[in-house]
Amino acid sequence: MKVGVLISGRGSNLQALIDACAEADFPAEIVTVISNRPNVGGLELAEAAGIPHQVINHKDFEDRESFDGALDEALQAAGVELICSAGFMRILTDGFVEKWRNKQLNIHPSLLPSFKGLHVHERSIEAGVRISGCTVHFVRAEMDDGPIVAQAAVPVHSDDTASTLAARILVAEHKIYPLALKLVAEGKARVVGEKVVFSGLDETEEAPVLSHPQ
Ligand code: GRF
């Protein structure tokens, strides 16, 4: 399956996907990496991996529709079949989301549907939750909403700061994003009635739920 990865920053999840795709028999290949911000770390990671990459700077466009149009055009030109948003910090128009319905994944650093939006780790600590985690889901028009493919649970320690919790969750993100991509690319995770159903998982495959104590 031909994958386009959308980024806005450092690209550690992109790197996890690059590493997974480099494994023998992995059912997906990253054909393009697109950043809406110039000079970000993720572009260097794509360059180092020899993956075509480009900047489509949202500031160069008058409105969301024209930015999303350019994004769509670039993805189509690269032959993308599935989008993986990985730290991509732009809200997409309903039209774009519908066009790529069930063909776009996102990763979010909480156990959705809790803590959608920004400042997730601060809000998780503020709320006093004992377990947080991360979620890979299909993208819908509402931010951080959509059928869930995989989740990992990560403990929140009493002395955690937003950055120590973020670092612990990031380790789990790097495990579940490749796992979710594999299952989707193999057709083993499919959306049925706004939920993801699994079929054909073999004995060697991990369940798409990870408990990740540290
Ligand atoms: C990750 O925590 C991801 O869940 C969130 O933004 C962060 C991106 O990190 N959406 P990176 O660019 O993949 O390192």
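Both counts, for ligands and for their atoms, begin at 1 and track the order of listing.
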The one among [options] that brings a heavy atom closest to [atom]:
| atom | options | value |
| --- | --- | --- |
| atom 8 (C) of ligand 1 | G87, G11, P109, C134 | G87 |
| atom 11 (P) of ligand 1 | G9, S12, A166 | S12 |
| atom 3 (C) of ligand 1 | Q15, R10, E173, M89 | E173 |

Quiz item: Judged by modelled atom types alone, do R140 and N102 share a side-chain donor-acceptor pair under 3.5 Å?
Solution: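 R140 vs N102: donor-acceptor pair found between side chains.
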
Exercise. Ignoring hydrogens and angles, state whether a donor on the side chain of Q151 or T135 is under 3.5 Å from an acceptor on the partner side chain.
Key: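 Per modelled atom types, Q151 and T135 side chains form a pair under 3.5 Å.
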
For residues 22-32, tabulate all N or O donor-acceptor pairs below 3.5 Å that involve a side-chain atom, not counting sequence neighbours.
none

Quiz prompt | Proximal ligand 1 atoms for I107, defined as those under 4.0 Å from one of its heavy atoms | solution =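 Result: 4 (O), 10 (N).
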
Sequence neighbours excluded and cut-off under 3.5 Å, please list the side-chain donor-acceptor pairs for residues 37-44, or say none.
from : atom 1 : to : atom 2 : distance (Å)
R37  : NH1    : S8 : O      : 3.3

Quiz item: For A86, is at least one N or O under 3.5 Å away from an N or O on ligand 1?
Solution: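 No; every N/O pair is 3.5 Å or more apart.
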
Quiz prompt | E186 with K188: basic N within carboxylate O range, under 4.0 Å | solution =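 So E186 pairs with K188 through a salt bridge.
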
